[in-house]
Amino acid sequence: MFAVHLVVSFFSKLQEDPTKKVDRFMYAMHLHDDQLSDISARFQAEMKKGLSAESNAAAAVKMLPTHVHSTPDGSEKGHFLALDLGGSKFKVLQVKVREGTGVRRGGVEMEEKTYPIPEELLTGSGKELFDHVSESLKDFLHEKKISVEKKHPLALTFSFPCEQSALNQGLLLNWSKNFRARGVQGKDVVQALREAVNRTGGMDVEVLAMVNDTVATMMTCGFDDRYCEVGLIVGSGTNACYMEELHHIDLVEGDEGRMCVNTEWGAFGDDGALNDYITEFDREVDAASNNPGKQILEKMVSGMYLGELVRLVVLKMAKLGLLFEGQVSDALRTKGKITTAHVAAMEEYKHGLKNTRNILVDLDLSPTPDDCIAVQRVSTIVSFRSSNLVAAGLAAILTQIRQNRHLRTLRITVGVDGTVYKTHPRYANRLHKVVQRLIPECHVRFVLSDRGSSKGAALVTAVAQRLASQRRQVDETLLPLRLSGEQLLLVKKRMRGALEAGLKSKGPSAVKMLPSYVYQTPDGTEHGKYLALGLGGTNFRALLVDLKKGLLQNSRLNHKIYPTPVEIMQGSGEELFDHIAQCVGDFLDYMGMKSARLPAGFTFSFPCEQAGIDTGTLVSWTKRFKATDCEGHNVVGMLREAIKRRNEFDLDIVSVVNDTVGTMMSCACEDPQCEIGLIAGTGTNVCYMEELKNIEKIEQEKGQMEREGEEKQDDGAEREKKEEHAGIPKMCINTEWGGLGDDGFLDDIITHYDSEVDQNSLNPGKQRFEKLISGMYLGEVVRQVLLNLTRGGLLFRGQVTEALKTPGIFHTKYLSQIESDRLALLQVRSVLQQLGLDSTCDDSIIVKEVCGAVSHRAAQLCGAGLAAVVDKIRENRGLDHLDITVGVDGSLYKLHPHFSGVLQQTVKMLAPQCTVSFLPSEGGSGTGAALTAAVARKKLEK
Ligand code: 0WK
Ligand code: 0WK
Ligand code: BGC
Ligand code: BGC
């Protein structure tokens, strides 16, 4: 060993350029571009590992979610206190953010004071450290004459790895750099700060946000440059953050938009990923550090370690006689004697060599000029490697962003801070050049954060405040739409009361309870060919049904749907029924059955007063219909006249039923337990089999009832009861529950959004319950809420566009689309785009929430109404428990992603003594109309 040393020193003396000697000695620290690209690729792989839920726990690079979703948009404003803890200086600041007007960005004023942190506090108890922080804060308030009465929002920049589940919370994973205070790791540092502030007392601050210094730096630079989506620190420590796609961050809920991720790249290599690039000097620095094995990349890059690296290299070369003729001083042997500031000084353009000489002399060495050149070269190589490694890391991040956005080229800005980057000569230029070389497809601008990161921290808080106040105002706006269990129970009670009232009086009752003259559900013996005609919410349907005893499933031969033009819906009654007759004529033509005088069942989805199964006097139009000269007229008569007028074919209209009744009948074929028909579509309504004796308003063969009742009194209780009710004469009642509230009974539930919708509807004051539930109105309720939020500046930047003012623009189908879980927010935005509504990510989150609140309420109210019906049937039959099936149809129930589920939950909650099954109708009410016609015919034949 000694011999080698001799040979080496002999040669060195001879002739060599000292830098060459150093380059050879430090060969391992020279990283060529292909090595840097390799490191970059490794780092990107580590990033993906950190982002994925499976591999995050084992990942060295933690990729910590920051809950910062957006960079500043200029609307931030407010006065904030800020603490900047963790860099080389601890600063307390006041930050005043003025709101920008239009495109002009607002302004930021800052007052700051740096407070030294005594060494012992860095390694003492965490409590004392945070007490020092909060006392410094109090001193700052005092010195800057900031009132201690007022509650001050505070932003904390905390430059250490923290696991955050919200903006104002963060568990310290591990200290780094020279911080080692006890009792903080694993704790919520925001809580620790709150407790210290309470201990200090005499000031009222609310810690609204805690951010990493990289995030704060990105936000600071993002205030003036909207391309800034990366934050970089090369200071006493090193780290970077960037805006990642939310759906790539497995550890955070939601797939929409982006979130800033704090990479904590300082730990890259802690799992050995950089072992082939780590030199003996790095191992020495790590071994002597206060966190061996941790922050491997940071120890190759950041200001806390560069000086030490240089010292160890110089020490080794001196020991090998390659410097100072082998002279080694105690100072040179002493840790920390060469600082990063020394390294920077040695590299200065003009005075670098002079500085190097002075520094070495201060280390009790007597360097030759070559020694100085050599040592300066050592510094260059050490800091060069540092900037190269940072460039490799940045290249990985920028590539990730470019790939996320499927771009060939990327224009982006990196916000930077940190003493090494700011003060180390040539460091910044080297970094820029290497980044450009490694990723030429990215146009990268570097912006220095001029006054530290606290502006950014304040902006994060301002954004958090804006989002928090937005959240509060949105909640307030939506509160009237959120119904409590008590309110739903109340609606159930009121519905029950209205059902009872409607059965009694023939007079005006909100819930009309219209007898349908359908006395029984099909018993499977129905047969024959029937024409089923259906005038529903939006279309007219013609259907040919061939009923084969009990076999419903393939009885539907053919059908055709004819859209009903609005001008027909709102024209004259004659035109409407002529239109219907024309459609029937077209259908019979199409079926080649014009000459067959088919028996027909007519489904008429509007309230009709019936005197028998084949007459129905329209009480009032609902939904989009307003044809004249129809209300108060027998719709079967009007259809017959229209057919006569057409004089092309003839029909034997045997029955007219409401679409709820038709739906019940068609489902009862499949499930005899089906005694309720529910429509949740353009309109809403329900019918059910009521006991004749309860339908007081219709004259009934008094005698008939008594007779049947008496006969049966002899066998056992419950089963008996069950059987008993089967024999009790019933009739299907078309409740027309859409009218609940027309008497003001829902005014405490109805919101001003609903009143707007009602006022703008074709039938103001009517169908109030329907207007809270059905598809024709939900979109309008949403539009009213969105208008309200936009006027409040909470949406679409407060711009109330023509589109938003257009009635009916928000078709209910859009609700179903927007609320479907499969639809990413981007697609919500494209739905809004189609409606001419330009929206941001935040906007579409709010729109989705409004749609959810409106449809959720609709389903709950529908559930409350149905709970009243099933409980009435249960009590009718004196049962403790009722099993019953509801036949259901309608686009809202069938197409909306959540409506049916919420409806069923609500019924279960409000009618616990009933087991209610829901049977979506396949055949639609058309088949039901045919069945009703068949039942009616059978009755006539008897
Ligand atoms: C200044 C920022 C601070 C950050 C520091 C990093 O205001 O948040 O921690 O830069 O650089 P350092 O002071 O460690 O060199
Ligand atoms: C299908 C039925 C029809 C009913 C309609 C209601 O066959 O009778 O009127 O559902 O749903 P909408 O078309 O109003 O969504
Ligand atoms: C910390 C990071 C911080 C970086 C720069 C590292 O030691 O782990 O959280 O961003 O230093 O200050
Ligand atoms: C009508 C009902 C119909 C319901 C569903 C309501 O507007 O008044 O008769 O059953 O819509 O279509």
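All ligand and atom numbering here is 1-based and tracks the order in the structure. Residues: numbered from 1 along the sequence shown. As a basis for the values below, the full set of heavy atoms in this structure was taken, side chains included, without hydrogen atoms, waters or symmetry mates.
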[X] and [Y] ion-paired at < 4.0 Å:
{"X": "Asp758", "Y": "Lys771", "value": "yes"}
{"X": "Lys299", "Y": "Asp286", "value": "yes"}
{"X": "Lys894", "Y": "Asp889", "value": "yes"}

Near [X], which atoms of ligand 4 are under 4.0 Å from a heavy atom of that residue?
{"X": "Ile679", "answer": "5 (C), 12 (O)"}
{"X": "Gly683", "answer": "5 (C), 11 (O)"}
{"X": "Glu770", "answer": "6 (C), 7 (O), 11 (O)"}
{"X": "Asn685", "answer": "2 (C), 3 (C), 4 (C), 9 (O), 10 (O)"}
{"X": "Gln767", "answer": "7 (O), 8 (O)"}
{"X": "Glu736", "answer": "1 (C), 2 (C), 8 (O), 9 (O)"}
{"X": "Thr622", "answer": "1 (C), 6 (C), 7 (O), 8 (O)"}

Which protein residues have a heavy atom under 4.0 Å from ligand 2? Gly536, Arg541, Ser605, Asp659, Ile679, Gly681, Thr682, Asp889, Gly890, Ser891, Gly924, Ser925

Between the main-chain N or O of [Y] and the side-chain N or O of [X], is there a donor-acceptor pair closer than 3.5 Å?
{"X": "Lys62", "Y": "Ala59", "value": "yes"}
{"X": "Ser236", "Y": "Gly87", "value": "no"}
{"X": "Asp742", "Y": "Arg768", "value": "yes"}
{"X": "Gln570", "Y": "Arg624", "value": "yes"}
{"X": "Thr214", "Y": "Ala240", "value": "no"}

For a quick test of reading the model, state the closest non-hydrogen atom pair linking Val190 to Gly170 and the distance between them. CG2-N, 4.3 Å

Can you check side-chain hydrogen bond (donor to acceptor under 3.5 Å, both in side chains) on His898 and Glu819, steps first, answer last? CA-CA 8 Å; His898 309 304; Glu819 285 185 62; 4.5 Å; no

Under the ring pair (Phe, Tyr, Trp, His ring centres under 6.0 Å) test, residues paired with Tyr305 that sit two or more places apart: none

If we check side-chain contact (heavy atoms from CB on, under 4.5 Å) with Met47, which of these qualifies: Trp265, Tyr242, Phe268?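 Among the candidates, only Tyr242 passes.
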
Flag Thr660 as yes when one of its N or O atoms lies below 3.5 Å from any N or O atom of ligand 4, and as no otherwise. no

Within the structure, does Asn734 bring an N/O atom to less than 3.5 angstrom of an N/O atom in ligand 4? no

Proximity of Thr684 to ligand 4 by residue part, where a heavy atom lies under 4.0 Å: backbone

When the ring planes of Phe918 and Tyr893 are compared, do they come out parallel, tilted or perpendicular, using 30° and 60° as the limits?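 Judged by the thresholds at 30° and 60°, the geometry between Phe918 and Tyr893 is parallel.
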
Name each donor-acceptor pair under 3.5 Å that joins a side chain in residues 446-454 to protein atoms two or more places apart or in another chain, with its distance.
| residue | atom | partner | partner atom | Å |
| --- | --- | --- | --- | --- |
| Ser449 | OG | Asp417 | OD2 | 3.4 |
| Ser449 | OG | Gly452 | O | 3.0 |
| Arg451 | NH2 | Met110 | O | 3.3 |

Heavy-atom contacts under 4.0 Å to ligand 3, chain-then-number order, include exactly Ser159, Phe160, Pro161, Ser176, Lys177, Asn212, Asp213, Thr214, Ile233, Gly237, Thr238, Asn239, Glu264, Gln295, Glu298

